[in-house]
Protein chains: 2
Amino acid sequence: MLISTKGRYGLRSMADLVLYAQNKPVPLRAIAERQGISESYLEQVFALLRKAGLVNAIRGSYGGYILARPAHQITVGEVLQALEGPLTLANCAHGGTTIECDKTDTCLTMSFWQELSAKMDEVLSSTTLQDLVDRERATGKSPEPKDK
Amino acid sequence: MLISTKGRYGLRSMADLVLYAQNKPVPLRAIAERQGISESYLEQVFALLRKAGLVNAIRGSYGGYILARPAHQITVGEVLQALEGPLTLANCAHGGTTIECDKTDTCLTMSFWQELSAKMDEVLSSTTLQDLVDRERATGKSPEPKDK
DNA sequence: CAATATTCCCACCAACTTACTAGGTTTAGA
DNA sequence: TCTAAACCTAGTAAGTTGGTGGGAATATTG
């Protein structure tokens with residue numbers, strides 16, 4: 001039931017991007033090194049993030065990636081969904097929504113899947129990339145804040 | 001991110017077992033038919049449930065499976081864990097517990113995984129098989145209650 | 001213009017997992 | 001002894017995971 005490396009690497013990389021972007025694009029190379037991830041694998045991860053509209057790419061020398069929106073407007077749920085596909089546990093429940101299936105009438109577990117999905121969605125859609133970074137800074141281990 | 005069929009079939013089957021057991025063992029055949037699952041596949045599911053100590057098997061004619069404990073003492077989390085393995089999203093968080101990894105200091109996502117895991121665990125460990133059946137009965141679609 | 005640093009794109013791969021099916025053995029009740 | 005059940009093991013086709021590698025396009029700098 002592990003989230004795949006795509007989701008885990010991707011989320012860490014997005015947080016890294018928030019932390020180290022100084023209004024300049026951040027090259028994958030730097031992220032890959034800091035996070036200990038293969039650069040060419042990260043490429044594939046960022047291709048998905050770009051297609052989902054979460055980052056913009058700047059090509060060529062001194063290029064890299066930047067967030068498409070401010071960090072406090074990108075939720076962890078969006079990032080994971082872009083990388084993992086729908087965050088659906090069973091076919092009858094997605095986020096807070098009910099999905100009909102042919103056994104809706106007699107299914108004993110539907111309401112459970114819905115409840116669990118809704119609880120997860122609460123966290124996924126209320127936590128933003130900014131939150132991740134803020135929490136980390138609160139522990140006092142990060143590099144200098146941007147506005148130094 | 002779907003829970004696998006093992007987990008979904010297994011949970012449905014356990015609820016089915018609660019609903020249809022009349023102090024007699026329930027054969028897989030019956031569960032398989034009611035739930036529309038292949039019997040031989042269910043065998044493998046129940047092998048796991050038995051090894052986890054959640055059901056007891058009674059062999060031979062008129063045999064079948066019975067819950068090892070009362071339905072209100074078996075949580076959905078136990079069932080899913082028996083079938084899916086550890087319900088861990090990332091290597092740094094399991095239920096409410098923190099797991100150390102070599103990047104604990106700098107990991108930007110650890111606290112998020114912990115929060116999400118903890119929220120999921122709340123639901124998983126507080127919902128019992130009895131709850132599933134009670135909810136279903138509340139909708140008035142189930143067969144006669146046991147104590148009729 | 002040339003060198004360089006980067007994204008971008010695609011093909012490939014080995015290992016593993018999933019969702020089964022099939023065939024047989026053992027056990028116990030009628 | 002017949003039969004219905006659990007039990008066990010092996011196989012398998014398709015898909016997923018977690019990558020690697022090669023090269024093309026693009027932008028910056030000297």
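In what follows, chains are A, B, ... by sequence order, proteins preceding strands, each numbered from 1.
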Could you state the atom-to-atom distance from [atom1] of [X] to [atom2] of [N] in whole Å?
{"X": "A:Phe46", "N": "C:dC8", "atom1": "CZ", "atom2": "P", "result": "11 Å"}
{"X": "B:Leu17", "N": "D:dA6", "atom1": "CG", "atom2": "P", "result": "11 Å"}
{"X": "A:Leu42", "N": "D:dG21", "atom1": "CG", "atom2": "C1'", "result": "16 Å"}
{"X": "A:Ile37", "N": "D:dT20", "atom1": "CD1", "atom2": "P", "result": "12 Å"}
{"X": "A:Leu49", "N": "C:dC8", "atom1": "CG", "atom2": "P", "result": "11 Å"}
{"X": "B:Leu2", "N": "C:dT17", "atom1": "CG", "atom2": "P", "result": "18 Å"}
{"X": "A:Leu48", "N": "C:dC8", "atom1": "CG", "atom2": "C1'", "result": "13 Å"}
{"X": "B:Ile31", "N": "D:dA5", "atom1": "CD1", "atom2": "C1'", "result": "13 Å"}

Specify the residue among A:Ser61 and A:Ser4 whose closest nucleotide of DNA chain D lies further upstream toward the 5′ end.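 Taking each residue's closest nucleotide, the earlier one in sequence belongs to A:Ser4.
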Residues in side-chain hydrogen bond (donor to acceptor under 3.5 Å, both in side chains) contact with B:Thr97, at least two apart in sequence or another chain: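 Partners of B:Thr97 by the side-chain hydrogen bond (donor to acceptor under 3.5 Å, both in side chains) criterion come out as none, since no residue qualifies.
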With side chains defined as the heavy atoms from C-beta onward, is the minimum distance between B:Cys92 and B:Thr98 less than 4.5 Å?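 Counting from C-beta outward, B:Cys92 and B:Thr98 never come under 4.5 Å.
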With a 4.5 Å cut-off on side-chain heavy atoms, are B:Met120 and A:Met1 touching?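 They are in contact (side-chain heavy atoms under 4.5 Å apart), so the answer is yes.
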Specify whether B:Tyr41 and B:Tyr9 have parallel, tilted or perpendicular ring planes, treating 30° as the upper limit for parallel and 60° as the lower limit for perpendicular.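 Rings of B:Tyr41 and B:Tyr9: perpendicular, as their planes differ by over 60°.
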Near-strand residues of residues 52-60 of chain A, defined as heavy-atom separation under 4.0 angstrom from DNA chain D: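 Listed by number, they are A:Arg59, A:Gly60.
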Aromatic B:Tyr20 / basic B:Arg34 pairing, under 6.0 angstrom, 45° off normal: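 Yes, B:Arg34 and B:Tyr20 form such a contact.
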If you take all heavy atoms of B:Arg69 and B:Leu54, which pair is closest and at what distance?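 Scanning both residues, the minimum pair turns out to be NH1-CD2, 4.1 Å.
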Remaining members of A:Tyr62's ILVMFWY cluster at a side-chain heavy-atom cut-off under 4.5 Å?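 Listed partners: none, A:Tyr62 stands alone.
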Considering only Ile, Leu, Val, Met, Phe, Trp and Tyr, and joining two whenever side-chain heavy atoms are under 4.5 Å apart, list the other residues clustered with B:Ile58.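 Taking Ile, Leu, Val, Met, Phe, Trp and Tyr as members, B:Ile58 shares its hydrophobic cluster with B:Ile66.
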OP1 or OP2 of D:dT3 less than 4.0 angstrom from a side-chain nitrogen or oxygen of B:Arg29, does that happen here?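 Result: no.
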Taking OP1 and OP2 of C:dT18, is either one under 4.0 Å from a side-chain nitrogen or oxygen of B:Arg8?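 Looking at the OP1 and OP2 atoms of C:dT18, neither is under 4.0 Å from any side-chain N or O of B:Arg8.
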Do any pairs count as a side chain to side chain donor-acceptor pair (under 3.5 Å) and have a residue in residues 119-134 of chain B, sequence neighbours left out, and if so which ones?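 As it turns out, the side chain to side chain donor-acceptor pair (under 3.5 Å) pairs with a partner in residues 119-134 of chain B, which skip direct neighbours, are B:Thr128-B:Asp131, B:Gln130-B:Asp134.
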Dump every N/O contact between nucleotides 20-24 of chain C and the protein below 3.5 Å, one line per pair.
| from | atom 1 | to | atom 2 | distance (Å) |
| --- | --- | --- | --- | --- |
| C:dC20 | OP2 | B:Tyr9 | OH | 3.0 |
| C:dC20 | N4 | B:Gln44 | OE1 | 3.2 |
| C:dT21 | OP2 | B:Ser38 | OG | 2.8 |
| C:dT21 | O4 | B:Gln44 | NE2 | 2.7 |

